[in-house]
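What follows is one structure encoded as structure tokens, with my remarks underneath.
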Amino acid sequence: MKLPAVPGITPVNLDSVERTTAELHALMARLRGPDAARDLGLEAAAVQCAEVAHEQRAGLLALVEHRDADPALLIAGVVPVDNPGEAADLGYFLADHTPGIRDVSDARTGRGYPVVIVERIGLSGAQLQAVVLDPDRPRAAVFTLHSPGGRGWLEVAGLAGTLVAGVDLTPAGPAPGTRVGSGRSPGGTSARSAGRW
């Protein structure tokens with residue numbers, strides 16, 4: 001699986017929980033500014049996100065930034081799907097069985113893959129999930145974007161949408177669920193979110 005580079009999406013390394021935590025904490029602290037050193041909640045959030053990403057065997061964990069929005073976290077991975085069916089069927093199932101859903105829609109990515117998009121907005125912030133179905137294999141790529149604050153939600157959701165729209169599901173190396181090339185680019189710029197996993 002290949003992902004395009006999207007400015008504003010900065011992936012963190014997934015080699016170990018400790019390295020993921022350190023990189024994510026550094027990114028979050030940079031955004032928070034000089035008060036970040038005294039914010040114990042920031043470090044706890046980085047630890048929790050890193051642990052979740054490793055437990056779920058994520059292929060991507062990234063910070064999504066836009067100047068007019070609160071930062072959001074993006075986690076993605078490939079999951080096996082026994083019977084993928086149609087995107088519309090999955091959309092109906094999610095709408096009927098998931099509480100707090102605000103909107104469910106289906107579309108196609110830039111490469112023509114069917115995708116189901118689910119949006120939830122509640123007390124814990126805004127969340128968007130995009131499930132990209134692989135028509136040639138029993139698997140799907142699942143992208144989850146979460147913004148605890150929700151300010152500028154449309155801007156960060158648009159950046160994540162650009163990434164999802166450019167996903168390429170053609171086989172590229174290791175089996176689904178294996179992490180490859182998830183480190184940041186030299187200099188730590190947010191312009192590199194490309195990778196294979």
Side-chain angles (χ1 to χ4, degrees), residues 1-15 17-54 56 58-77 102-103 109-110 115 117-130 132 141-168 179 181-197:
M1 169 151 354
K2 294 174 267 189
L3 296 172
V6 178
I9 299 181
T10 306
V12 296
N13 188 292
L14 290 168
D15 287 344
V17 173
E18 295 77 19
R19 186 165 177 189
T20 302
T21 299
E23 285 192 20
L24 186 57
H25 184 255
L27 282 170
M28 294 164 70
R30 176 182 54 82
L31 291 175
R32 184 66 58 94
D35 294 335
R38 294 186 300 258
D39 189 347
L40 297 177
L42 199 62
E43 185 173 1
V47 169
Q48 183 180 19
C49 290
E51 288 176 349
V52 167
H54 284 270
Q56 294 182 2
L60 172 72
L61 176 63
L63 191 69
V64 182
E65 306 171 61
H66 188 281
R67 68 177 181 273
D68 298 325
D70 290 336
L73 287 169
L74 178 65
I75 187 169
R102 177 178 173 174
D103 187 33
T109 68
V115 59
I117 303 156
V118 180
E119 184 180 35
R120 294 184 200 104
I121 297 181
L123 297 176
S124 63
Q127 186 178 70
L128 180 92
Q129 286 187 307
V132 182
V142 180
F143 297 82
T144 303
L145 177 71
H146 180 72
S147 171
R151 183 182 68 85
W153 174 241
L154 293 178
E155 282 75 12
V156 292
L159 291 172
T162 300
L163 182 74
V164 170
V167 69
D168 182 356
R179 294 175 289 211
S182 58
R184 290 189 321 178
S185 62
T189 66
S190 60
R192 186 212 177 266
S193 59
R196 294 174 182 233
W197 39 276

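Worth knowing before you read on, the calculation uses all heavy atoms, side chains too, and leaves out hydrogens, waters and symmetry mates.
Here the closest non-hydrogen pair linking Gly150 and Asp70 is N-OD2, 3.7 Å. Considering all non-hydrogen atoms of both residues, His25 and Glu43 come closest at CD2-CA, 3.4 Å. Across Ala62 and Ile9, no two heavy atoms sit closer than the pair CB-CG2, 3.7 Å. In terms of heavy-atom proximity, Ala165 sits nearest to Thr109 at O-CB, 3.6 Å. The two residues Gly152 and Ala69 make their nearest non-hydrogen contact at O-CB, 3.3 Å. The shortest heavy-atom contact between Val6 and Thr162 is CG2-CG2, 4.0 Å.
Atom CG of Leu24 and atom CD of Gln48 lie 11.0 Å apart (nearest 0.5 Å). Rounded to the nearest 0.5 Å, atoms CD (Gln56) and OG1 (Thr144) are 7.5 Å apart. Note that the CD atom of Glu119 and the CG atom of Leu128 stand 6.0 Å from one another [nearest 0.5 Å]. Atom OG1 of Thr21 sits about 7.0 Å away from atom NE2 of His54, to the nearest 0.5 Å. One finds the CE atom of Met28 at 6.0 Å from the SG atom of Cys49 (value rounded to the nearest 0.5 Å). In this structure, Arg151 CZ and His66 NE2 are separated by 10.0 Å, a value rounded to the nearest 0.5 Å.
Side-chain contact check for Val115 versus Phe143: every heavy-atom pair is 4.5 Å or farther apart. Side-chain atoms of Arg67 and Glu155, non-hydrogen and from C-beta on, never get closer than 4.5 Å to each other. Side-chain contact check for Leu159 versus Leu74: every heavy-atom pair is 4.5 Å or farther apart. Leu63 has its side chain out of reach of Val12: every pair of non-hydrogen atoms, C-beta onward, lies at least 4.5 Å apart.
Put simply, the side chain of Thr20 gets close to the backbone of Asn13: a donor and an acceptor are under 3.5 Å apart.
Annotation: side-chain contact (heavy atoms from CB on, under 4.5 Å) contacts of His146 (sequence neighbours excluded): Ser124, Gln127, Pro148.
The only option from Ile75, Val164, Val64 that meets the side-chain contact (heavy atoms from CB on, under 4.5 Å) definition with Leu145 turns out to be Val64.
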